[in-house]
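Just follow the structure's listing: the first ligand is 1, and inside any ligand the first atom is 1.
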Amino acid sequence: MADFIAGFFAPWIAYSFIALAHIALPARRVEGYVRDGRTGRPLRYRLNGPLVLAVAAALWVLVGSAGLLSWDWLYLHRWSGLAGSCVLGLLFSLAVVLPAPGTGRAFLSDLYRGRRENLQLFGERVDAKMLLYLAGATMLALNVLSFAAHHLATFGSGASPGVILYACLFLWFVVDYLVFERVHLYTYDIFAERVGFKLVWGCLAFYPYFYAVGLWAAAALPDPGTPGRLLAVYAVVFFAGWTLSRGANLQKYYFKTRPERALFGIMRPRALGDGERRLLCSGFWGIARHINYLGEILMAVGLSLCLGRPGLWAIWLYPLYYVALLFPRERADERRCAAKYGELWKEYVRRVPRRIIPGLY
Ligand code: NDP
């Protein structure tokens with residue numbers, strides 16, 4: 001029982017530490033894309049994700065080296081950790097939603113989708129959405145490290161190179177997200193979603209635990225003996241996805257912030273305009289209207305394949321989740337853009353007919 005309680009509250013302690021580190025450590029101050037409903041000015045943010053992650057990982061190394069906790073402690077306590085994160089996610093959602101004025105929808109809908117569009121605390125020092133994403137990303141990195149440590153501790157020199165590759169690629173995924181935190185201020189979650197259970201529980205419970213579901217399922221299994229050349233192919237699949245996703249996000253970010261800037265110094269943006277608004281129709285945004293979603297799915301497929309167990313159904317949950325999330329999201333974003341951009345969007349659809357998969361869909 002004591003063990004369960006320790007595991008249950010471990011994420012609470014980790015999230016408190018991450019919040020304190022985020023508040024206390026130096027940060028870049030930047031303007032975002034979302035505008036303050038009252039003043040009309042862009043919201044301002046403090047971003048220090050890579051630094052917070054580095055401090056949390058260093059602490060994990062210190063605690064492990066000092067023998068205070070085993071390297072795979074989070075793996076051994078994953079079920080209680082997940083339970084603690086779920087409860088915290090629910091409590092935090094209630095704390096954010098209950099004091100806010102209702103939107104006119106049913107209470108459960110308000111609780112799930114949220115009431116406030118944005119929530120900033122201590123002046124502009126903490127933005128709830130950005131802190132939640134930082135907390136989830138950092139906890140995900142710690143889980144991946146701990147799950148991989150369990151595999152290494154169990155199999156020693158016989159450990160699977162695929163598991164090590166999976167852990168490295170997942171850490172790349174998290175570090176990349178935090179390095180480009182500013183770019184994410186221009187994404188759907190930040191400008192279109194409210195702060196409710198979906199976002200809070202999603203960041204505190206779903207993101208750090210479900211995203212690692214492949215390694216959760218495979219960490220205790222022996223090396224499947226995947227040939228090195230296949231692992232190289234899987235890494236290529238991952239990086240092909242990363243290129244599409246990161247490239248598209250960056251290109252749109254530059255287009256919104258410095259419209260004339262060429263991506264990587266070579267890709268000059270071509271845009272459709274109606275005199276008032278403009279839409280990119282070149283580079284990544286000329287291949288398909290949401291090529292970034294294909295990139296995300298490819299990254300997940302590459303990661304899952306690295307584990308070398310295509311017959312293990314649990315490893316496919318992660319890529320399938322992206323399909324279930326992003327295909328409907330593309331439809332929702334399409335409706336939003338069609339309403340916002342009108343004829344201009346129709347012209348864009350004529351120029352770039354594919355939604356997500358070039359030549360197919
Ligand atoms: P997008 O980055 O595609 O953003 C869509 C918005 O971009 C539109 O609403 C519109 O906003 C603008 N836009 C669309 N087309 C154009 C165009 N041609 N030119 C200029 N602006 C355009 O989607 P998301 O915000 O959903 O996703 C952002 C990233 O986050 C993606 O890479 C996605 O894959 C990733 N993601 C990752 C997840 C994860 O768990 N790892 C989960 C979900 C998403 P506006 O009206 O402001 O112009």
Side-chain angles (χ1 to χ4, degrees), residues 32-35 42 129 132-133 136-137 140-141 169-170 172-178 180-193 198-199 202-203 206-213 238 241-257 259 263 267 269-274 276-303 318-342 344-356:
Y33 185 49
V34 174
R35 288 179 182 272
K129 284 181 182 168
L132 284 163
Y133 276 103
L140 170 62
L169 296 180
F170 232 126
W172 173 284
F173 171 86
V174 172
V175 171
D176 168 76
Y177 168 76
L178 293 177
F180 290 104
E181 251 181 328
R182 188 172 186 176
V183 175
H184 287 271
L185 295 175
Y186 290 71
T187 59
Y188 189 86
D189 301 8
I190 307 300
F191 67 69
E193 299 215 307
K198 181 173 176 229
L199 194 119
C203 284
F206 189 78
Y207 185 19
Y209 288 89
F210 178 79
Y211 276 39
V213 64
F238 174 88
W242 175 75
T243 306
L244 292 179
S245 180
R246 177 54 58 219
N249 285 330
L250 263 184
Q251 193 189 5
K252 178 158 67 86
Y253 169 71
Y254 288 137
F255 182 70
K256 302 272 184 196
T257 52
L263 184 65
M267 274 192 202
R270 267 188 292 113
L272 298 170
D274 60 4
E276 199 184 326
R277 290 160 314 180
R278 297 169 78 222
L279 284 168
L280 255 174
C281 64
S282 64
F284 294 99
W285 296 85
I287 308 174
R289 301 199 295 281
H290 274 96
I291 194 75
N292 46 352
Y293 289 177
L294 177 64
E296 216 72 48
I297 293 166
L298 283 178
M299 276 194 280
V301 169
L303 278 166
Y318 179 51
L320 281 175
Y321 149 73
Y322 274 123
V323 173
L325 172 80
L326 296 177
F327 275 67
R329 180 149 152 172
E330 184 278 328
R331 294 280 168 160
D333 193 50
E334 180 84 7
R335 283 193 294 277
R336 178 183 175 277
C337 290
K340 177 174 174 182
Y341 290 103
L344 191 60
W345 189 259
K346 286 190 187 150
E347 175 58 22
Y348 179 47
V349 173
R350 272 193 291 277
R351 293 263 189 116
V352 185
R354 299 301 176 194
R355 293 172 183 274
I356 297 178

Under 6.0 Å between the ring centres of Tyr211 and Tyr318? yes
Measure the acute angle between the ring planes of Phe210 and Tyr321, then classify it against the limits of 30° and 60° as parallel, tilted or perpendicular. perpendicular
I'd like the contact residues of ligand 1, where contact means a heavy atom below 4.0 Å. Tyr33, Phe173, Thr187, Tyr188, Phe191, Tyr211, Ser245, Asn249, Lys252, Lys256, Leu279, Leu280, Trp285, His290, Asn292, Tyr293, Glu296, Tyr322, Leu325, Leu326, Arg329, Asp333, Arg336, Cys337, Lys340, Tyr341, Trp345, Tyr348
Nearest heavy-atom contact between Tyr133 and Tyr207 is O-CE2, 3.8 Å
Would you please classify the geometry between the Phe173 ring and the Phe170 ring as parallel, tilted or perpendicular, with 30° and 60° separating the classes? perpendicular
Can you list everything that forms a salt bridge (charged side-chain N to carboxylate O under 4.0 Å, His left out) with Lys256? Sequence neighbours excluded, please. none
Are Gln251 and Ser282 packed together at the side-chain level, in the sense that at least one heavy-atom pair is separated by less than 4.5 angstrom? yes
